[in-house]
Amino acid sequence: MKTRDLIKLLEKNGWTLKRRGGNHDIYAKGKEREAIVRHRETDERLAQAIIKRRGLK
């Protein structure tokens, strides 16, 4: 999955960029945090795990 598509999905569900780390961008929604790798592609299994864990639609 393209990382930009995963980020769009997060933002559509109310997540905002909290800060940029060395290799990851940190997104936040309330007290929850999610680290997203800064590559063009995110591993499909990792992307699906994030989607499932955060209940993204």
Side-chain angles (χ1 to χ4, degrees):
M1 171 179 247
K2 292 198 180 291
T3 301
R4 92 174 66 126
D5 293 337
L6 180 57
I7 290 170
K8 284 180 185 178
L9 187 60
L10 279 167
E11 290 175 343
K12 186 176 104 177
N13 284 276
W15 291 78
T16 58
L17 179 65
K18 180 74 172 174
R19 66 181 172 88
R20 293 191 180 270
N23 296 318
H24 293 78
D25 292 336
I26 310 300
Y27 283 82
K29 182 177 181 182
K31 293 187 177 188
E32 297 179 17
R33 304 281 185 266
E34 190 65 54
I36 306 297
V37 294
R38 203 177 307 137
H39 299 290
R40 273 181 187 242
E41 292 283 328
T42 301
D43 182 67
E44 191 64 35
R45 288 178 289 168
L46 175 59
Q48 290 303 318
I50 292 169
I51 290 168
K52 183 177 178 183
R53 178 172 51 234
R54 300 304 179 187
L56 303 178
K57 296 178 184 171

(Q) By the salt bridge (Lys or Arg N to Asp or Glu O under 4.0 Å) test, which pairs, at least two apart or in different chains, include something from residues 46-57? (A)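 Checked against salt bridge (Lys or Arg N to Asp or Glu O under 4.0 Å) - neighbours excluded - the pairs reaching residues 46-57 are E32-R54, E34-R53, E34-R54.
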Q: Apply side chain to side chain contact (heavy atoms under 4.5 Å, CB included) to E44 and Q48, showing your working.
A: CA-CA 6 Å; E44 191 64 35; Q48 290 303 318; 3.2 Å; yes
Main chain of [Y], side chain of [X]: is a donor-acceptor contact present, judged purely on distance under 3.5 Å?
{"X": "T3", "Y": "H39", "result": "yes"}
{"X": "R4", "Y": "E41", "result": "no"}
{"X": "K18", "Y": "D25", "result": "no"}

Q. Which ILVMFWY residues can you reach from L9 by hopping between side chains whose heavy atoms are under 4.5 Å apart?
A.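 Members alongside L9: M1, L6, I7, L10, W15, L17, Y27, I36, L46, I50, I51, L56.
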Q | Closest heavy-atom pair and its distance - R33, A28 | A |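 Closest approach of R33 to A28, heavy atoms only: NH1-CB, 3.2 Å.
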Q. Which heavy atom of G22 sits nearest a heavy atom of R38, and at what distance?
A.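 Scanning both residues completely, I find the closest heavy atoms to be O-NH1, 3.7 Å.
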